[in-house]
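The next block holds one structure in the form of structure tokens; read it before the comments.
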Amino acid sequence: MLLAVDCGNTNTVFAIWDGEQFLASWRTSTEWQRTADQYYVWLSTLMKLQKLDVQITDMIISSTVPRVVFNLRVLADRYFSTRPLVVGKPDCLLPVDVRVDAGTQVGPDRLVNTVAGHDLYGGDLIMVDFGTATTFDVVDTDGAYIGGVISPGVNLSLEALHQAAAALPHVDISKPKTVIGTNTVACMQSGVFWGYIGLVREICARIKAERARDMRVISTGGLAPLFQQSEALFDAFQDDLTIHGLTVIHKYNKDNT
Ligand SMILES: Nc1ncnc2c1ncn2[C@@H]1O[C@H](COP(=O)(O)OP(=O)(O)O)[C@@H](O)[C@H]1O
Ligand SMILES: CC(C)(COP(=O)(O)O)[C@@H](O)C(=O)NCCC(=O)O
Ligand SMILES: [K+]
């Protein structure tokens with residue numbers, strides 16, 4: 001049984017994959033101080049609650065936060081007696097090429113999204129991931145990662161307004177009824193919501209123009225449906241994209257080592 005761990009700057013998702021389907025998945029906040037023992041207590045409690053009596057034999061990790069990998073490695077070693085595959089490390093093979101400037105450290109989540117996109121949709125893709133940052137990963141015809149775009153995340157943008165301006169409150173994103181806001185919250189939501197619609201549309205159009213071809217736009221992340229509901233920005237939405245990519249990379253490494 002495989003434990004796939006997708007660690008973002010805000011949240012970490014743990015999912016159990018039996019080779020054909022996910023048996024369960026759970027989300028916790030990302031905290032680098034959390035120890036292997038803490039992870040295990042949390043995980044084993046949830047597994048018991050769901051009456052999941054399975055043996056974890058393999059583990060794969062993608063982490064945009066380098067510091068958390070240490071304790072996740074200890075978890076793998078101490079509780080599952082396995083050595084985890086860590087995306088981005090030299091011993092973790094990728095089924096796609098990475099064509100970027102020499103010396104560039106591409107975020108592992110972006111590599112995993114590329115692999116997942118290629119597995120599910122083929123090539124000539126733009127993968128849009130609404131995480132802490134909103135990333136656009138460009139997938140070549142042959143599935144290679146060839147670069148992309150990093151923008152401030154939706155909640156990060158709202159939080160930055162709140163942090164920097166004394167009179168602006170903490171606000172959650174939602175679709176405003178009108179563009180012209182008639183109160184502070186509506187004005188902030190309008191700026192970020194409609195600004196984001198424009199950002200996604202413009203970046204995708206420019207990527208397609210730069211590549212001189214039509215490309216499919218695949219979105220992932222909890223906020224993608226919110227943006228899709230008002231404008232047709234994406235050709236497809238894939239909820240568990242990153243975690244799916246981890247299972248593909250794990251299988252590729254099993255088959256090729
Ligand atoms: N379904 C959702 N509805 C609203 N906000 C969400 C949803 N899913 C995630 N978020 C928010 O989006 C931001 C990014 O979350 P997440 O995708 O977990 O980021 P990361 O992968 O970078 O850890 C966070 O602020 C989180 O609270
Ligand atoms: C851009 C990111 C911060 C996105 O992380 P996330 O929003 O998933 O937490 C992450 O992919 C990262 O740290 N990238 C390293 C730089 C790069 O990808 O070029
Ligand atoms: K992410």
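Start at 1 and go down the list; that is how both ligands and their atoms are numbered.
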For Ser151 and Thr134, test the side chains for any donor-to-acceptor distance below 3.5 angstrom and give the result as yes or no. no
In terms of side-chain heavy atoms, does Thr57 have a donor or acceptor partner in Gln55 at a distance below 3.5 Å? no
Distance under 4.0 Å to a non-hydrogen atom of [X]: what atoms of ligand 1 satisfy this?
X      : answer
Arg27  : 18 (O)
Gly131 : 14 (C), 17 (O), 19 (O), 22 (O)
Phe130 : 17 (O)
Thr132 : 14 (C), 19 (O), 20 (P), 22 (O), 23 (O)

Part of Asn9 within contact of ligand 2 (heavy atoms, under 4.0 Å):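 Near ligand 2, Asn9 shows its backbone as well as its side chain.
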Region of Thr134 that comes within reach of ligand 2 [heavy atoms, distance under 4.0 Å]: neither
Taking the six-membered ring for Trp, are [X] and [Y] parallel (under 30°), tilted (30 to 60°) or perpendicular (over 60°)?
X      : Y      : value
Phe130 : Tyr196 : tilted
Tyr39  : Phe14  : tilted
Tyr79  : Tyr40  : parallel

Does the side chain of Ile173 come within less than 4.5 Å of Leu226's, by heavy atoms? yes
Just which atoms of ligand 2 are under 4.0 Å from any heavy atom in [X]?
X      : result
Gly8   : 9 (O)
Gly131 : 7 (O)
Asp109 : 4 (C), 5 (O), 6 (P), 8 (O), 10 (C), 11 (O)
Gln105 : 15 (C), 16 (C), 17 (C), 19 (O)

Please table the atom pairs, donor to acceptor, closer than 3.5 Å between any side-chain atom in residues 176-188 and protein atoms at least two apart or in another chain.
unit_1 : atom_1 : unit_2 : atom_2 : d
Thr178 : OG1    : Ile180 : O      : 2.9
Asn183 : OD1    : Val185 : N      : 3.2
Asn183 : OD1    : Ala186 : N      : 2.8

Got more than 12 heavy atoms from elsewhere within 6.0 Å of CG, Asn256?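 Atom CG in Asn256 is crowded, with more than 12 foreign heavy atoms closer than 6.0 Å.
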Should Arg110 be counted as touching ligand 2, given the test is an N or O pair under 3.5 Å? yes
Below 3.5 Å, N or O to N or O, backbone or side chain included: is there any such pair between Gly107 and ligand 2? yes
Hey, could you give me the CG/OG distance between Asn9 and Ser63, rounded to the nearest 0.5 Å? 8.0 Å
Measure from atom 16 (P) of ligand 1 to every heavy atom in Leu156, Asn11, Thr30 and give the option owning the shortest one.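 Nearest heavy atom to atom 16 (P) of ligand 1 lies in Asn11.
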Measure from atom 11 (C) of ligand 1 to every heavy atom in Asn155, Asp6, Val65 and give the option owning the shortest one. Asn155
